[in-house]
Amino acid sequence: MATMRLEFVAQDHSVFSGDVTAVQAPGAEGQLGILPKHAPLMTVLSPGEVVVQREGAEPLYFAVSGGWMEVRPDQVTILARTAERSDQIDAARAEAARARAAQLLAQGIRRDQRALVELSLKRQIVRLRVSGRRRGWYGPTASESDTQTKIE
Ligand code: ATP
């Protein structure tokens, strides 16, 4: 099976580096599926899920809170603001932050703070979704569109 290189970093640390068969990532306009020999592209990433497919291994799932992705035919580079693998997500922490953000939004806050709190809410909802991933489960991905409906 054809492979490509994935270099996936978050701020100052490497999240994943290796050969992969496919990558799915939350592009600005929806989930993107990248296979080897993909046409070059550069995109902003929204808060959402990155799925890494490897040959002969279970997929890996990551929650990202935004960033950039560069695609070349033989390499994908992801620069994420933050990234956590599904089994490394502290669901209690995400739930506490989600509840704080939801409470602030329900109370009514200053307009300039609202966007930041809405973004936090999106990050936590994505973390909670991705932390619920189980090995070998191929359900719908946790993308920004999933979080949008919960915020409205
Ligand atoms: P919190 O209020 O819980 O800190 P946050 O959304 O403000 O949440 P971020 O600024 O997005 O946190 O992330 C700060 C650092 O903590 C990053 O390294 C991120 O990967 C990590 N992190 C945030 N939330 C979690 C979580 N629920 N489980 C594991 N790591 C997390």
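Because only heavy atoms are used, hydrogens play no part in the values below, and waters and symmetry mates are left out as well, while side chains stay in. First listed ligand is number 1; within each ligand, the first listed atom is number 1. Just so it is clear, the model here is predicted, and its values are computed rather than measured.
- Scanning all protein heavy atoms for the shortest distance to atom 11 (O) of ligand 1 gives Arg127 NH2, 2.9 Å.
- Using a 4.5 Å heavy-atom cutoff, the side chains of Glu49 and Val64 are not in contact.
- At a 4.0 Å heavy-atom cut-off, ligand 1 does not touch Ser65 at all.
- The closest heavy-atom contact to atom 14 (C) of ligand 1, among the options Arg93, Arg81, Arg123, comes from Arg93.
- Using 4.0 Å as the threshold, Gln124 has a heavy atom nearer than that to some atom of ligand 1.
- For ligand 1, the polar-atom distance check finds no N/O of Ser120 at less than 3.5 Å from any of the ligand's N/O atoms.
- If you check which protein heavy atom lies closest to atom 28 (N) of ligand 1, you get Asp90 N, 2.8 Å.
- Applying the 6.0 Å contact sphere to CE of Met42 captures more than 12 heavy atoms from other residues, nucleotides or ligands.
- Closest to atom 17 (C) of ligand 1 among all protein heavy atoms lies Thr82 CG2, 3.6 Å.
- The protein heavy-atom contact nearest to atom 2 (O) of ligand 1 is Arg100 NH2, 3.1 Å.
- For atom 20 (O) of ligand 1, the closest heavy atom belonging to the protein is Glu84 OE2, 2.5 Å.
- Arg123 and Ser65 form no side-chain donor-acceptor contact under 3.5 Å, judged by distance and modelled atom types alone.
- Annotation for ligand 1: atoms under 4.0 Å from non-hydrogen atoms of Gln88 are 29 (C).
- Asp19 is not listed as a side-chain neighbour of Arg54, based on a closest heavy-atom distance of 4.5 Å or more.
- Taking 4.5 Å as the limit, every side-chain heavy atom of His38 sits out of range of all side-chain heavy atoms of Val76.
- Between the side chains of Arg127 and Gln124, at least one donor-acceptor pair of N or O atoms lies under 3.5 Å.
- Proximity of Glu70 to Gln75: side-chain heavy atoms (C-beta onward) are nowhere separated by under 4.5 Å.
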